[in-house]
Amino acid sequence: MAPKKTYSKPTIVRHTVGVMNKFGRPPATVPMSRLSGFSVEELAGEYGSPLYVLAVNELRERYRDMTRAFQTRYPKAQIAYSYKTNYLKAVCSILHQEGAWAEVVSGFEYDIARNLDMPGNKIVFNGPYKTREELIRAFNDGAMVNIDNYDEMQLIEDISDELGKILEVGIRVNMDLNNPPWHKFGFNIEAGHAYEAVKRALSNNKLKVVGLHLHAGTYVDDVTVYSRAAQGLVDFYAYIKEQLGVKLKYWDIGGGYASRNTLNWAWMPAEQTCPTFDQYAEAICPILMNGPFQAQDAPRLFLEPGRALVDEPFSMITSVVAQKRLPGGTRGVVLDAGMNVLSSVQWYNYNFQTAQDSGQMLEDTILFGGLCMNIDVLRQNASVPPVRRGDLLVIPHVGAYNISQSWQFIYLRPNIIAIEDGKIHVIKKSDTRDYVQEFENVPDEFKK
Amino acid sequence: MKNIFKSELTLSQNGFLFDHGSGLTYTLNPTGQFIFKNIEEGKQAPGILRLLINEFDVSEETARKDIDDFFRQLSEAGLID
């Protein structure tokens, strides 16, 4: 008897035009069957699905590339990694190995950094809400504290009295850079608030202003925004130097650098729009180097990247659990990963690649997450070849925010592995029911 | 039995389908072509299922689900009722 022919799911796809833009995209029909040299199928078999996978060498490369881009143009540039983007201990530790300092925005994050043996004088402490105890610890450790508001300034003056010394502080400022403006944080330059804040800080002889902090926004892929921010810092520094005699030890241009993930409302793919580190550095550094100082007195420049470092080195492996035909004819595919472990689907049109050869017949598909909630849609419209239950998909570039913002909800959160030099490390085990309920209690009165 | 397509359709040897009624064109993969040709010959779903299993390396369960889905796709495309 003749061998049977190879089977693929029967499909009929209507021809349409105009779905591609002139720059194209990597075809979804090219399978992404390996990650860091390992078979996706074997990784899922061994560590489960869904699964986060970190390519450690890519993380190191991105750190080194960014450092090179900035230090060649501004030698005293220093990366302080934005912990909130992904504060897995292993991730922070790898970046500290490479030389990154820590940028934290809460006492919890501060504690993570100290627990990783980061000395206080390599921690930048930002954010609108820092408690008295956290601030005392930070000042005692010699951390760089950037003041967000007058209440905080007054609190730090009290701490100055308590510690019996003049405290060095940074002032967080904002300016008109985005629409809508980012005026939640710090003191506004154009309205004169930032100048008043510096003057106020110096008035009681309790604080010494040695830093300025300005953050341009989030996912800012227009480098001219950073040029304007840099010019704003230069002008403001020149003014407070002249008027108030301020001499900065550091200035901090924050984070917000983009990664190669396409935003939901963007029509150009991020591969085309995401600036390189060199482009960001070229937009920022020459302007800052023209600041009011001799080259040898240049303040240290802090950069606070998060997304731009950790987004791309992470991938997620997920499985098809079901597919259905929706009214209107669109295909729906249900995956075992949901918004609980992929919260950035609110902002991103993630790229979904099949891990196996599924043929060339792309079809518009809604990708649903596995949560029993109607809002759990991972992508409204993806071109996906025929897949069936059990097939694996790979979602590249998932390292920013998805892990630190993951919710324990309906399902247990998955394993996270890191691969380097052919070695696989589990850097966070999947949740267990015991772990999730560890701090719960059912009083005797409530027991049946 | 007469085939169930609503308008005149022509399928090329490599899976290109032209709908003479609407002017729309489609591409069918090899299994899609196989099912389409059997519908053209007037066969019905249970018969097509048996032929598909004999011809291709596929379980009955998978083939049954896929044929159902293929008929739904033909219906949504307006090619059958």
Side-chain angles (χ1 to χ4, degrees), chain A residues 1-20 27-31 41 319-335 354 356-368 380-392, chain B residues 4-7 9-12 14-19 21-40 43 45 48-81:
Chain A
M1 192 176 118
K4 289 186 178 182
K5 293 179 187 164
T6 307
Y7 180 81
S8 62
K9 185 181 185 307
T11 56
I12 172 168
V13 177
R14 190 183 142 189
H15 298 160
T16 54
V17 292
V19 292
M20 296 286 278
T29 51
V30 177
E41 199 180 331
S319 312
V320 174
V321 294
Q323 57 179 323
K324 49 181 63 176
R325 195 58 58 182
L326 306 178
T330 310
R331 179 173 61 159
V333 167
V334 186
L335 303 174
T354 56
Q356 53 287 309
D357 191 355
S358 301
Q360 304 293 313
M361 300 285 285
L362 297 178
E363 184 180 353
D364 285 349
T365 304
I366 299 184
L367 295 170
F368 295 110
Q380 282 290 351
N381 194 339
S383 283
V384 178
V387 286
R388 64 178 88 170
R389 183 178 167 91
D391 281 356
L392 296 170
Chain B
I4 54 175
F5 294 120
K6 286 160 73 179
S7 66
L9 300 171
T10 302
L11 180 67
S12 79
N14 54 10
F16 181 85
L17 182 74
F18 180 66
D19 180 341
S22 66
L24 296 174
T25 58
Y26 304 82
T27 298
L28 285 75
N29 69 355
T31 38
Q33 293 166 43
F34 181 86
I35 298 171
F36 180 91
K37 284 176 193 158
N38 281 291
I39 298 171
E40 256 189 332
K43 296 198 178 69
I48 296 174
L49 175 63
R50 278 195 305 280
L51 291 167
L52 195 68
I53 296 167
N54 287 338
E55 185 87 7
F56 291 91
D57 184 16
V58 61
S59 72
E60 179 172 348
E61 187 192 349
T62 302
R64 188 192 307 276
K65 278 196 289 189
D66 288 350
I67 289 174
D68 282 351
D69 188 56
F70 189 71
F71 272 89
R72 270 196 293 277
Q73 291 180 66
L74 293 176
S75 168
E76 295 292 351
L79 299 175
I80 61 174
D81 275 325

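No experiment lies behind these values; they were computed from the predicted model shown. In what follows, chains carry the letters A, B, and so on, assigned in the order in which the sequence lines appear, proteins first and then strands, with residues in each chain numbered from 1. The figures here come from the full heavy-atom set of this structure, side chains too, leaving out hydrogens, waters and symmetry mates.
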**Message:** Against Ile12(A), only a single residue in Leu79(B), Ile35(B), Thr27(B) fulfils side chain to side chain contact (heavy atoms under 4.5 Å, CB included); can you say which?
**Reply:**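 So, applying the side chain to side chain contact (heavy atoms under 4.5 Å, CB included) to Ile12(A) and each of Leu79(B), Ile35(B), Thr27(B), only Leu79(B) qualifies.
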Once you round to the nearest 0.5 Å, how far does [atom1] of [X] lie from [atom2] of [Y]?
{"X": "Lys65(B)", "Y": "Gln323(A)", "atom1": "NZ", "atom2": "CD", "result": "8.0 Å"}
{"X": "Phe56(B)", "Y": "Thr6(A)", "atom1": "CZ", "atom2": "OG1", "result": "9.0 Å"}
{"X": "Gln73(B)", "Y": "Glu363(A)", "atom1": "CD", "atom2": "CD", "result": "5.0 Å"}

**Part of Arg389(A) within contact of chain B (heavy atom distance under 4.5 Å)** =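 Contact with chain B: none, neither part.
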**Request:** Pick out which of Asp69(B), Asn29(B), Thr62(B), Thr31(B) makes a side-chain hydrogen bond (donor to acceptor under 3.5 Å, both in side chains) with Lys9(A).
**Result:**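 For Lys9(A), the side-chain hydrogen bond (donor to acceptor under 3.5 Å, both in side chains) check succeeds only for Asp69(B).
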**Request:** Could you have a look at Leu28(B), Asp19(B), Asp66(B) and say which one has the most heavy-atom pairs with chain A under 4.5 angstrom?
**Result:**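 The candidate making the most pairs under 4.5 Å is Asp66(B).
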**Message:** Tyr26(B) vs Arg14(A), test: side chain to side chain contact (heavy atoms under 4.5 Å, CB included). Steps then yes/no.
**Reply:** CA-CA 4 Å; Tyr26(B) 304 82; Arg14(A) 190 183 142 189; 3.6 Å; yes
**Other residues, nucleotides, ligands: >12 heavy atoms within 6.0 Å of Glu41(A) CD** =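 Atom CD in Glu41(A) is not packed in, count stays at 12 or less.
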**Prompt:** For atom CG of Asn14(B), is the number of surrounding heavy atoms from other residues, nucleotides or ligands below 6.0 Å larger than 12?
**Reply:**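 Yes, because the 6.0 Å sphere around CG of Asn14(B) holds more than 12 heavy atoms from other groups.
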**Exercise: identify the closest heavy-atom pair between Tyr7(A) and Leu52(B)** =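 Looking at all heavy atoms of both residues, the closest pair is CE1-CD2, 4.0 Å.
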**Asked** chain A heavy atoms under 4.5 Å from Phe16(B): which part of the residue, side chain, backbone, both or neither?
**Response**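 For Phe16(B), the contact with chain A is made by the side chain alone.
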